[in-house]
*Asks:* 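Attaching a single structure in structure tokens format; questions to follow.
In what follows, chains are A, B, ... by sequence order, proteins preceding strands, each numbered from 1.
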Number of protein chains: 2
Amino acid sequence: MSDEIRITKKERDALIILGNHIDEEFPVRLVDLSDEMSLKPPTILNLLKRLEDKGYVEREKGMTVLTKSGVSRYREIVENHRILETLMVKNGMDLDRACVISENIDFLIDHESIDNIFEKIGKPSKCPHGRKIEQFHE
Amino acid sequence: MSDEIRITKKERDALIILGNHIDEEFPVRLVDLSDEMSLKPPTILNLLKRLEDKGYVEREKGMTVLTKSGVSRYREIVENHRILETLMVKNGMDLDRACVISENIDFLIDHESIDNIFEKIGKPSKCPHGRKIEQFHE
DNA sequence: CTGACATATTAGGTAAATACTAATAAGATT
DNA sequence: AATCTTATTAGTATTTACCTAATATGTCAG
């Protein structure tokens, strides 16, 4: 519990982009990430190598894919994000602001703790953006 | 609104310690901070210089004091901490865990947003630790 | 007032994260 | 094969966050 590997905001952002592309036909290339993150390819490469060291991605011939553990972590962060957003909006916060704040903290909080909150607030099926919240346990 | 100067976790920790000593007879020395943070004096000095650059502390003859702006920021972080803690505990989280999590995010969220939550949850006068929550506006 | 001890500061070094440019290598396309 | 697009390597810079060792500045006991 709460023994998640520490990641940085940038690593989180890359993980989210990679996860969001999971169902697409083509794997994510360096240039794609470079465009989406507005960072030069060498910077992205550096970032991906760190995610590789942490066991979250695998790279082959320029293509990058999430490992099993990367997918798990991705899902946990997305769930954290949506639950936190829900909690904040339920307590009077503006949706846009809640989203930005959530982006900055969703990867810092262990999923187990957030999951407790999820149970407590009545397992809402959707976040304020209308996206599904699927409870995730590995 | 939400245009607070960015600080790091370590800067936050130092700010909190300095703020907690405000009412004491003697100002905080380098060794005191060094002891409380379990870091060597040169490391602390480095940290304090950054806080000085950000306008939060002033240093004179080895003594360090919070500036007006430093006190404001200190109070905002403390309030954020207590309100977030209250919110989390109210939603099923264990107090100790809520405290640790809050420490990691209280300095990342703008006070104005947190203040909205405070109003919404009925302006509780105490945090789960039993400490006063004083609404703070500059 | 002077030596000894405590404290502060400077200097210098290391490492990780976050960026960049420029150069090279490798692939793909025409 | 020549070109264009990507990927990778090499090298540089900044910020944060640490350290040790050396020096300077206080302070306090005698």
Side-chain angles (χ1 to χ4, degrees), chain A residues 4-18 21 24-66 70 73-74 77 100 103-108, chain B residues 4-18 21 24-67 70 73 77 100 103-108:
Chain A
E4 274 148 4
I5 295 163
R6 272 194 147 288
I7 58 171
T8 65
K9 177 63 160 49
K10 290 291 171 179
E11 286 163 5
R12 176 248 181 229
D13 291 343
L15 211 53
I16 293 296
I17 291 172
L18 290 167
H21 281 273
E24 273 161 39
E25 203 175 342
F26 301 109
V28 181
R29 295 168 309 162
L30 213 51
V31 263
D32 300 330
L33 271 169
S34 176
D35 287 347
E36 283 198 59
M37 297 186 73
S38 302
L39 293 171
K40 302 293 173 191
T43 303
I44 300 292
L45 197 59
N46 200 280
L47 188 51
L48 291 179
K49 279 176 180 168
R50 263 155 33 217
L51 284 174
E52 210 175 8
D53 289 343
K54 291 177 183 175
Y56 289 144
V57 308
E58 262 164 17
R59 299 177 33 70
E60 224 175 304
K61 291 177 213 142
M63 302 304 180
T64 304
V65 273
L66 289 180
R73 188 65 190 267
Y74 162 74
I77 294 172
V100 173
E103 255 170 44
N104 285 305
I105 63 177
D106 56 16
F107 65 103
L108 295 172
Chain B
E4 275 150 2
I5 294 163
R6 272 194 147 288
I7 58 171
T8 64
K9 177 63 161 49
K10 290 291 172 178
E11 287 162 5
R12 176 247 181 230
D13 291 343
L15 211 53
I16 294 295
I17 291 172
L18 290 167
H21 281 272
E24 272 160 40
E25 204 176 340
F26 300 110
V28 181
R29 297 168 307 162
L30 212 50
V31 263
D32 301 329
L33 271 170
S34 178
D35 287 347
E36 284 200 57
M37 297 185 72
S38 302
L39 292 171
K40 301 293 173 191
T43 303
I44 300 292
L45 197 59
N46 200 277
L47 189 50
L48 291 179
K49 279 176 180 168
R50 265 156 32 217
L51 285 174
E52 211 175 6
D53 290 343
K54 291 177 182 175
Y56 289 144
V57 308
E58 260 164 17
R59 298 175 34 70
E60 223 176 303
K61 292 178 213 142
M63 303 303 180
T64 305
V65 272
L66 289 180
T67 60
R73 189 64 191 267
I77 294 172
V100 173
E103 255 171 44
N104 285 305
I105 63 177
D106 56 17
F107 65 104
L108 296 171

*Asks:* Roughly, in whole Å, what's the span from CE in A:Met37 to P in C:dA19?
*Replies:* 8 Å
*Asks:* Does atom NZ of B:Lys9 have more than 12 heavy-atom neighbours from other groups under 6.0 Å away?
*Replies:*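 Yes.
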*Asks:* Can you tell me the distance, in whole Å, between the NZ atom of A:Lys61 and the P atom of C:dA26?
*Replies:* 15 Å
*Asks:* Side-chain N or O of A:Lys40 versus OP1/OP2 of C:dA22: is the shortest distance under 4.0 Å?
*Replies:*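 A:Lys40 to C:dA22 OP1/OP2: no side-chain N or O under 4.0 Å.
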*Asks:* Would you say a side-chain N or O of B:Arg59 is under 4.0 Å from OP1 or OP2 of C:dT9?
*Replies:*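 B:Arg59 to C:dT9 OP1/OP2: side-chain N or O found under 4.0 Å.
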*Asks:* From CG of B:Leu30 over to P of D:dA24, roughly how many Å is that when rounded to an integer?
*Replies:* 18 Å
*Asks:* Just how far, in rounded Å, is P of D:dA7 from CD of A:Glu60?
*Replies:* 14 Å
*Asks:* On the nucleotide D:dA17, are OP1 or OP2 found under 4.0 Å from the side-chain N or O atoms that B:Thr8 carries?
*Replies:*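 Yes, B:Thr8 has a side-chain N/O under 4.0 Å of OP1/OP2 on D:dA17.
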*Asks:* Hey, are the side chains of B:Ile16 and B:Glu103 touching, using non-hydrogen atoms and a 4.5 Å cut-off?
*Replies:*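 B:Ile16 vs B:Glu103: side chains apart.
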*Asks:* Looking at B:Glu60, I'd like to know if its CD atom is crowded, meaning that more than 12 non-hydrogen atoms belonging to other residues, nucleotides or ligands lie closer than 6.0 Å.
*Replies:*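 Atom CD in B:Glu60 is not packed in, count stays at 12 or less.
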*Asks:* Would you please confirm or rule out a distance under 4.0 Å between OP1 or OP2 of D:dC19 and any side-chain N or O of B:Thr43?
*Replies:* yes
*Asks:* Indicate the atoms forming the closest heavy-atom contact of A:Lys54 with A:Arg6, along with that distance.
*Replies:*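 Shortest heavy-atom separation between A:Lys54 and A:Arg6 comes out as NZ-O, 3.1 Å.
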*Asks:* Round to a whole Å and report the spacing from CG of A:Asp35 to P of D:dA7.
*Replies:* 10 Å
*Asks:* Between B:Leu45 and A:Leu39, just flag the one whose closest nucleotide in DNA chain C comes earlier from the 5' side.
*Replies:*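 Its nucleotide being nearer the 5' end, the pick is B:Leu45.
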*Asks:* Rounded to whole angstroms, how far apart are CG on A:Leu33 and P on D:dT5?
*Replies:* 20 Å
*Asks:* How close or far is atom C1' of C:dA28 from atom CE of A:Met63, stated in whole angstroms?
*Replies:* 11 Å
*Asks:* If you take all heavy atoms of A:Phe107 and A:Ile77, which pair is closest and at what distance?
*Replies:*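 For A:Phe107 versus A:Ile77, the nearest heavy atoms are CB-CD1, 4.1 Å.
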*Asks:* Let's see if you can work this out: which of C:dA11, C:dA22, D:dT16 has an atom nearest to the side-chain heavy atoms of B:Pro42?
*Replies:*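 Of C:dA11, C:dA22, D:dT16, C:dA11 is nearest to the side chain of B:Pro42.
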*Asks:* Does a side-chain N or O from A:Lys49 land closer than 4.0 Å to OP1 or OP2 of D:dT9, or not?
*Replies:*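 Looking at the OP1 and OP2 atoms of D:dT9, one of them is under 4.0 Å from a side-chain N or O of A:Lys49.
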*Asks:* Any idea which of C:dT7, C:dT10, D:dC18 is nearest the B:Asn46 side chain?
*Replies:* D:dC18
*Asks:* Would you mind reading off the distance between A:Leu51 atom CG and C:dA17 atom C1', rounded to a whole angstrom?
*Replies:* 12 Å
